[in-house]
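Comments concern the structure below.
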Protein chains: 2
Amino acid sequence: MAYRATEKTEARKIAARERIAGAALDQVSEGGYASAGVQAVADRADVAVGTVYRHFPSKADLFAEVFRRAAQRELDVVKEVTEADGRGARERCAAGVEAFCRRALAGPVLGYAQIAEPVDPAVESERLRLRRGYRDLFVAALEDGVQSGELEPHDSQTVAAALVGALGEALVGPLSRRECQSEALVATLVQFCENALTKRVTA
Amino acid sequence: MAYRATEKTEARKIAARERIAGAALDQVSEGGYASAGVQAVADRADVAVGTVYRHFPSKADLFAEVFRRAAQRELDVVKEVTEADGRGARERCAAGVEAFCRRALAGPVLGYAQIAEPVDPAVESERLRLRRGYRDLFVAALEDGVQSGELEPHDSQTVAAALVGALGEALVGPLSRRECQSEALVATLVQFCENALTKRVTA
DNA sequence: CCATCCTGTGAATCATGGTTCACTTCTTCA
DNA sequence: TGAAGAAGTGAACCATGATTCACAGGATGG
C-alpha cells in the first residue's frame, strides 16, 4: 500500500468541487440556465470538462445541487422573517412576501432563473421543492392565524400556494425586464397578500 | 401552363393541415408536450413525418399554432364571463376565476400543459401571450371597478398578474395529481380573489 | 396522354451538447 | 526512488430528436 488520501488532498478535492459549484452558480447568476453548459462552467472554474465529471455524476446533479443551495439560502431568509413571533399571521405573511420580493429583485437574473426559467427535470424538481418550501412557511403562519382566531378558517394549502404563485407571476415581468427598483411593486404585493387573508369577523 | 391549384385540392390541403394540427392537439391533451414528438403526431394523423413539414415549417411553428388556438378558446370563455356587464368588478373577476379553474380541471392534461409544462421557446412565448391575455381581462375589470368607485385605486397590472399566477400555482398541484373533482378548490380560489380586491372604503 | 406541378413518404442526415476514457500529472509512502 | 492510487485533461463519442430530400403517387389542363 503506497497511497492513502490525506487531509490536504481531501481539502484540495473539496475545494475543487466547491470551485466548480461556485462557477456554476456564478454562471447562472450572470447568464441564466440558458448559458450554463458544462463547457462554460468548466471554463469559468478553470478546469477541463472531464474534471467536472470527477466531482459530479452529471450536469443535472451539478445544477440540482447548485439550485438547492441557492434555494435554501432564500428559504432561510423568508423562514426567518415569517417565524419571528410576537406578531400576527397577516403581518408574518406580509413580512415573508416583502422579503421574497426584495431578494428576487436584488438579484434579478438568479431570481428569474429560480422562479421561471426553463430548466431540466432534475432542477425542476428542486424548484418544486422550493415552491413547496415557501408554501409551507405561509401555511404555518396561516394555521397559526386560524388557531389564534385572527383568521377565518380556510384551505391553507391552497391559499399559501396561491400566494406563492401570485408573487412569482407578478415578479416575472419586472425581473425579465430588469426593473428592479420597484418599491411600489413590493408595496402592491404586500397589500395584495394582506387583503387575501380573511380576518375573522368577530360577531 | 398545365397545373393550377383548384378548389378541391385546396380543400384537401387544408384538411390535411387540420388533421395534423388536430393530431398534435390530441397528443398534447393526452400525453402532454413531453409525448408530442413529430413522429408521434405524424403517426396519430396517419401521415409520414415529412408530410408534417409540408404543412408546417417546423415543429415549433406547429405547436405554437396549436397552443395559440387552444389558448384562444380558453381566453374567449373567460372573456365572455368577465365582460358580462351589469355586475361589479369583483363579481366579474370572481366569475373569470371560476371559469378559468373549471376549464383547467375539466381537461387536466391540457390544462397542465398550457399552464406549466416545459415547452420550447416558441410555445413558451405563446404561453406568455396567454397569460398576458388573462391578465388584461382582469385589468379591464379592475379598472372599471376603480372608475366606478367600487374599488380602491391600485396597480391593476400587478394585481391582475398576481391573480393569474395565484390560479396557476394553486392548480398545478391538483392538476398534476389528476384531482379534478374539487368543488372546494374552486370555492377557495374564488374567495381568495374576492378578498384580494380592496373594496373602496366610503368614508 | 403527357408535361407539370403538388403532396406524400421515410430513411438518412444533422445539430446540439452531455458524457466518456485513454492518457498525463500529481501525491503518498514504503 | 518507484509503485500505486487519485485527480486532471480534452478530443472523441454518443443519444436524442428535429429536419431534409430524392423519389413515388396524384391532380390539372392543354
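When reading the values below, keep in mind they use all heavy atoms of this one structure, side chains included, and skip hydrogens, waters and symmetry mates. Quick note on labels: first sequence line is chain A, next is B, and so on, each numbered from 1.
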At under 4.0 Å between heavy atoms, which parts of nucleotides 6-12 of chain C does protein reach? Answer with one letter per nucleotide, 5' to 3': B base, S sugar-phosphate only, - none.
SBBBBB-
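- When rounded to the nearest whole Å, the span between CG of B:Leu62 and P of D:dG17 equals 17 Å.
- If you measure from atom CG of A:Asp61 to atom C1' of C:dT19, you get 13 Å, rounded to the nearest angstrom.
- A:Arg19 places a side-chain N or O within donor-acceptor distance of the main-chain N or O of A:Ala45, the cut-off being under 3.5 Å.
- Side-chain contact between B:Val139 and B:Ser156: present, with at least one pair of heavy atoms (C-beta onward) separated by less than 4.5 Å.
- Atom CG of B:Asp120 is separated from atom P of C:dA15 by 19 Å (rounded to the nearest Å).
- Here the C1' atom of nucleotide C:dT28 and the CD atom of A:Glu7 are 15 Å apart, to the nearest Å.
- Counting only heavy atoms from C-beta outward, the side chains of A:Thr82 and A:Cys93 never approach each other to under 4.5 Å.
- Atom CD of B:Gln147 sits in a sparse spot, with 12 or fewer heavy atoms from other residues, nucleotides or ligands closer than 6.0 Å.
- Judged by distance alone, the side chains of B:Ser58 and B:Asp61 do bring a donor and an acceptor atom under 3.5 Å apart.
- Side-chain contact of B:Gln27 with B:Ser35: a donor-acceptor pair under 3.5 Å is present, judged by distance alone.
- Remark: P of D:dG17 and CZ of B:Phe63 are 13 Å apart, rounded to the nearest angstrom.
- With rounding to whole Å, A:Arg4 atom CZ is found 7 Å from C:dC29 atom P.
- Rounded to whole Å, the distance from CZ on B:Phe56 to P on D:dT19 is 13 Å.
- Residues from residues 36-44 of chain A with heavy atoms under 4.0 angstrom of DNA chain C, sorted by number: A:Gly37, A:Val38.
- A:Glu7 places none of its side-chain heavy atoms less than 4.5 Å from the side chain of A:Glu10.
- The shortest non-hydrogen separation linking A:Val28 to A:Ala113 is CG1-CB, 3.8 Å.
- With contacts defined as side-chain heavy-atom distances shorter than 4.5 Å, the pair A:Glu194/A:Val190 qualifies.
- Distance, B:Tyr33 OH to D:dA18 P: 14 Å, rounded to whole Å.
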